[in-house]
Number of protein chains: 2
Amino acid sequence: MSNIQDVAKLSGVSVATVSRTLNNPEVVSEKTRKKVLKVVEEINYYPDSLAKNFRTRKTYMIVVLVPDIANPFFSRVIRGIQNTAHLNNYSILLGDTQSQISIEESYAKMVIAKQADGIIQLSAHFPLKDEMLKRYSHEKLPIVNICECLDGDIVPTIQLDNIGAAKTMTSHLIELGHKHIGVVTGPAKSPLTKDRLAGYRLALEEAGLSFDDNLIRTGDFSVKSGRDTADEFLGMSQVPTSVFCFNDEMAMGVCQRFKEAGISVPEYISVAGFDDINFASLHSPSLTTIRQPAEEIGKAAALQLYNILRGIPPSERHIVFPFDLITRDSTGPARKS
Amino acid sequence: MSNIQDVAKLSGVSVATVSRTLNNPEVVSEKTRKKVLKVVEEINYYPDSLAKNFRTRKTYMIVVLVPDIANPFFSRVIRGIQNTAHLNNYSILLGDTQSQISIEESYAKMVIAKQADGIIQLSAHFPLKDEMLKRYSHEKLPIVNICECLDGDIVPTIQLDNIGAAKTMTSHLIELGHKHIGVVTGPAKSPLTKDRLAGYRLALEEAGLSFDDNLIRTGDFSVKSGRDTADEFLGMSQVPTSVFCFNDEMAMGVCQRFKEAGISVPEYISVAGFDDINFASLHSPSLTTIRQPAEEIGKAAALQLYNILRGIPPSERHIVFPFDLITRDSTGPARKS
DNA sequence: CTGAAAGCGCTTACAG
DNA sequence: CTGAAAGCGCTTACAG
């Protein structure tokens with residue numbers, strides 16, 4: 001369609017002035033501005049972003065790397081990111097990685113190739129680390145790692161107080177009289193697993209209860225892994241009186257299996273989750289869980305990256321968000337026996 | 001970092017040859033190719049997409065306009081889109097519109113401004129219609145409308161056989177002896193509501209049952225609207241023996257309210273959903289519903305748009321996908337009375 | 001098979 | 001406040 005030259009010709013000014021009118025109106029005289037804007041309106045001129053981005057070296061795109069977009073917790077985080085990004089004129093480039101490193105890398109390349117300005121990474125990886133560190137200084141590295149975060153100070157992070165949340169949930173169960181609390185963790189190498197397990201141990205210690213390694217089972221955050229570990233708990237000589245799952249999906253899987261086995265939750269065994277996804281409250285029994293401020297985390301991430309991209313180093317490089325313990329029907333007093 | 005000139009200098013060829021080596025290797029002699037690729041490797045050269053896209057007038061970005069990314073059905077569709085798009089070197093620009101026209105339009109502008117090549121639209125709108133029609137011919141209009149589709153042939157569409165699906169679900173209930181089947185629709189103006197209602201009526205007609213307008217309640221696809229209509233059904237002089245909800249969330253809302261009112265599903269009243277979201281099978285009772293091939297729909301959409309962008313007009317402009325009736329525990333024989 | 005050169009549509013010092 | 005001009009890093013006819 002029409003370009004900046006057409007607008008210039010039709011309004012009898014130079015392309016420079018058209019450009020200024022559109023990008024720095026205050027620097028142009030009112031008369032000129034009006035003349036130009038009228039023509040822009042008339043011929044329905046839209047500046048060519050391809051040219052503009054090329055010229056300014058910016059894309060106004062942010063890659064969001066998420067292990068699985070169909071995960072309801074992640075999708076809330078993404079909504080938070082996108083709302084805030086959009087307000088600042090940035091768009092979200094969705095990178096559903098299915099946890100595959102090669103896919104993560106192919107998206108990270110987009111930053112190097114200037115198809116995107118930065119990355120918000122929802123898992124504890126740093127794709128193309130060497131390449132990125134070579135190209136950006138510590139301060140300007142356009143990456144924000146959220147939800148499941150790398151240790152150290154290599155990238156800015158934003159996450160829940162996972163230790164505190166797991167400690168609080170465990171204490172909640174202890175207060176209900178539970179002494180044998182099974183756990184279904186995430187993948188062994190996940191920082192989430194490490195932190196939440198640490199919180200669990202802290203609560204036990206505080207209550208003077210001993211830690212039993214046998215009660216700890218490794219899941220992978222899927223419903224199925226919850227189902228599978230449920231069987232393991234039921235097979236124990238001393239079946240735990242409660243199970244703390246490190247996300248809601250696994251808690252639902254555990255509940256489902258218990259239901260099939262004719263075991264009642266929470267009468268015989270309590271089950272707790274983590275995240276407070278939408279369906280946690282619709283579940284039967286409704287799930288006791290930890291609420292994460294998902295949208296706020298997303299919002300904070302977008303803001304953090306936005307600042308980095310504008311050259312403003314974040315005042316806090318590692319933000320920790322508070323949680324809420326949500327008690328519902330899936331946890332109750334420990335059974336006698 | 002380094003640009004195509006650096007590569008040219010270091011490998012002793014022209015920039016044109018470097019460009020060809022990277023984009024049309026077969027046209028370059030093997031010797032030259034090797035020389036160039038070696039340098040590319042050595043200095044870790046990544047072509048500048050900003051320049052490349054500007055030059056070629058392509059962005060390899062597709063805007064996906066979705067009313068709500070946190071909706072689990074939509075997120076599966078998006079996953080399908082993104083997987084297929086990624087295979088064809090396209091990336092997804094996520095546009096969570098919250099059903100706001102202004103947000104839809106701001107994303108649609110990205111296509112006009114060449115920040116994206118095309119749009120996949122998950123609701124029955126056509127943002128910036130006049131502007132788009134002015135700029136593109138019927139054949140080349142880079143839009144694919146899926147899931148909830150506009151009537152007519154203005155844009156290519158991909159959707160479920162909604163009429164057939166609703167008819168099948170209704171027939172399923174009729175076979176179970178239900179004669180008073182309540183319905184919770186989507187918004188009145190939604191084509192989904194219209195089509196599914198048509199399917200419902202077809203099934204009634206086929207069974208010789210009369211259509212009762214009073215049994216039709218308007219929802220908005222939210223859990224809450226399900227809850228609200230549940231009360232309306234319970235307040236009727238003749239409470240229906242089953243309720244067919246036009247999505248799973250509303251079915252869950254209906255069930256939740258029934259549960260609170262001490263009414264058992266499916267013994268007193270059957271409840272059916274639509275979509276078969278992940279949690280439908282985890283729900284208590286597990287939901288009878290219609291499975292939509294969400295990822296395939298997304299995949300087909302990505303393919304359709306890909307062809308349009310390559311200048312290949314789709315062989316079918318309006319694709320209809322088959323459904324599956326999934327019978328679970330939330331529907332059963334109609335109660336006597 | 002390769003190179004010289006034009007040009008994509010903007011923005012931005014620089015000069016006035 | 002405005003204009004002439006350079007230039008961003010590529011691709012692509014065109015010529016050889």
Side-chain angles (χ1 to χ4, degrees), chain A residues 1-40 43-61 89 109-117 135, chain B residues 1-40 43-61 89 109-117 135:
Chain A
M1 298 284 290
S2 45
N3 61 22
I4 199 170
Q5 299 243 38
D6 301 328
V7 179
K9 253 175 244 157
L10 287 168
S11 41
V13 299
S14 70
V15 295
T17 296
V18 175
S19 175
R20 289 190 198 103
T21 304
L22 265 16
N23 299 308
N24 280 319
E26 67 283 3
V27 90
V28 175
S29 79
E30 195 185 334
K31 197 169 143 226
T32 310
R33 205 191 314 149
K34 281 195 171 154
K35 207 163 52 181
V36 172
L37 290 178
K38 184 153 163 281
V39 172
V40 166
I43 68 171
N44 245 305
Y45 167 67
Y46 284 76
D48 184 316
S49 307
L50 246 21
K52 187 169 181 165
N53 294 346
F54 170 51
R55 214 15 258 260
T56 58
R57 310 300 304 152
K58 302 190 76 181
T59 65
Y60 292 96
M61 298 278 174
N89 273 310
K109 269 183 197 144
M110 299 183 80
V111 174
I112 295 177
K114 294 303 297 168
Q115 292 221 71
D117 296 339
R135 285 161 199 264
Chain B
M1 300 284 289
S2 45
N3 61 23
I4 198 169
Q5 300 241 38
D6 300 328
V7 180
K9 252 175 244 155
L10 287 169
S11 41
V13 299
S14 70
V15 295
T17 297
V18 175
S19 174
R20 287 188 199 105
T21 306
L22 264 17
N23 299 306
N24 279 318
E26 68 282 2
V27 90
V28 175
S29 80
E30 194 184 334
K31 197 167 144 227
T32 309
R33 204 190 315 148
K34 281 195 172 152
K35 208 164 49 182
V36 173
L37 291 177
K38 184 151 164 281
V39 173
V40 166
I43 68 172
N44 244 307
Y45 167 68
Y46 284 77
D48 184 315
S49 307
L50 246 23
K52 188 168 178 165
N53 294 346
F54 170 52
R55 214 15 260 259
T56 57
R57 310 300 303 152
K58 302 191 79 182
T59 64
Y60 292 96
M61 298 279 174
N89 273 309
K109 269 184 196 141
M110 300 184 79
V111 173
I112 294 177
K114 294 303 300 168
Q115 293 221 70
D117 296 339
R135 284 161 199 266

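First the proteins, then the strands, lettered A, B, ... as listed; each starts at 1. Computed from a predicted structure; not experimentally measured.
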Closest approach to the side chain of [X], judged atom by atom: which nucleotide of [options] is it?
X: A:Ala16; options: D:dT12, C:dC1, D:dA5; value: D:dA5
X: A:Val28; options: D:dT2, D:dG9, D:dT11; value: D:dT2
X: B:Ser14; options: D:dC10, C:dG3, C:dC10; value: C:dG3
X: B:Thr56; options: D:dA5, D:dT12, C:dG3; value: D:dT12

What is the distance from [atom1] of [X] to [atom2] of [N], rounded to the nearest Å?
X: B:Arg55; N: D:dC10; atom1: CZ; atom2: P; result: 12 Å
X: A:Tyr60; N: C:dT11; atom1: OH; atom2: C1'; result: 12 Å
X: B:Gln115; N: C:dG9; atom1: CD; atom2: C1'; result: 14 Å
X: B:Gln5; N: C:dA4; atom1: CD; atom2: P; result: 11 Å
X: B:Asn53; N: D:dC10; atom1: CG; atom2: C1'; result: 10 Å
X: A:Leu50; N: C:dC10; atom1: CG; atom2: C1'; result: 11 Å
X: A:Arg57; N: D:dG9; atom1: CZ; atom2: C1'; result: 7 Å
X: B:Ile4; N: D:dT12; atom1: CD1; atom2: P; result: 11 Å

Can you see if the side chain of [X] gets near the phosphate of [N] - specifically, an N or O under 4.0 Å from OP1 or OP2?
X: B:Asn3; N: D:dC8; value: no
X: A:Ser29; N: D:dT2; value: yes
X: B:Tyr45; N: D:dC10; value: yes
X: B:Thr17; N: C:dG3; value: yes

Is [Y] close to [X] at the side-chain level, that is, under 4.5 Å between some pair of heavy atoms?
X: A:Asn53; Y: B:Phe54; result: no
X: B:Arg57; Y: A:Asp48; result: yes
X: B:Thr59; Y: B:Gln115; result: no
X: B:Leu37; Y: B:Leu22; result: yes
X: B:Lys52; Y: B:Asn23; result: yes

### Query
When you measure from the side chain of A:Thr21 to the backbone N and O of A:Thr17, does any donor-acceptor pair fall under 3.5 Å?
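Answer holds: yes.
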### Query
With no hydrogens and no angle check, is any side-chain donor or acceptor of B:Asp6 less than 3.5 Å from a backbone partner on B:Lys9?
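No.
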#### Entry: Nearest-angstrom distance, P atom, C:dA6 to C:dT2
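Per the computed distance, 23 Å lies between those P atoms.
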#### Entry: Pairwise P distance for D:dC10 and D:dC14, with rounding to whole Å
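Their P atoms lie roughly 24 Å apart.
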### Task
Could you check whether B:Asn23 gets within reach of a base, just the sugar-phosphate, or nothing at all, counting any heavy atom under 4.0 Å?
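Sugar-phosphate only.
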### Query
Reading DNA chain C 5' to 3', what string of ( ), [ ], | and . shows its pairs, if Watson-Crick and G-U wobble pairs count only when both distances fall under 3.5 Å?
|||.||||||||.|||
### Query
Does the ring of B:Phe54 meet both stacking tests against the six-membered base ring of C:dC8: centre distance under 5.5 Å and plane angle under 30°?
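Stacked: centres under 5.5 Å apart, planes under 30°.
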### Task
Using heavy atoms to find the nearest nucleotide of DNA chain D for A:Thr32 and A:Val15 separately, return the residue whose nucleotide is more 5′.
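This one resolves to A:Thr32.
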### Query
C:dG3 base to B:Arg20 side chain: any donor-acceptor pair below 3.5 Å?
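When only heavy-atom distances are counted, B:Arg20 does reach the base of C:dG3 through a donor-acceptor pair under 3.5 Å.
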### Value rounded to 0.5 Å, distance of OG in A:Ser11 from NZ in A:Lys34
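Output value for this atom pair is 15.5 Å.
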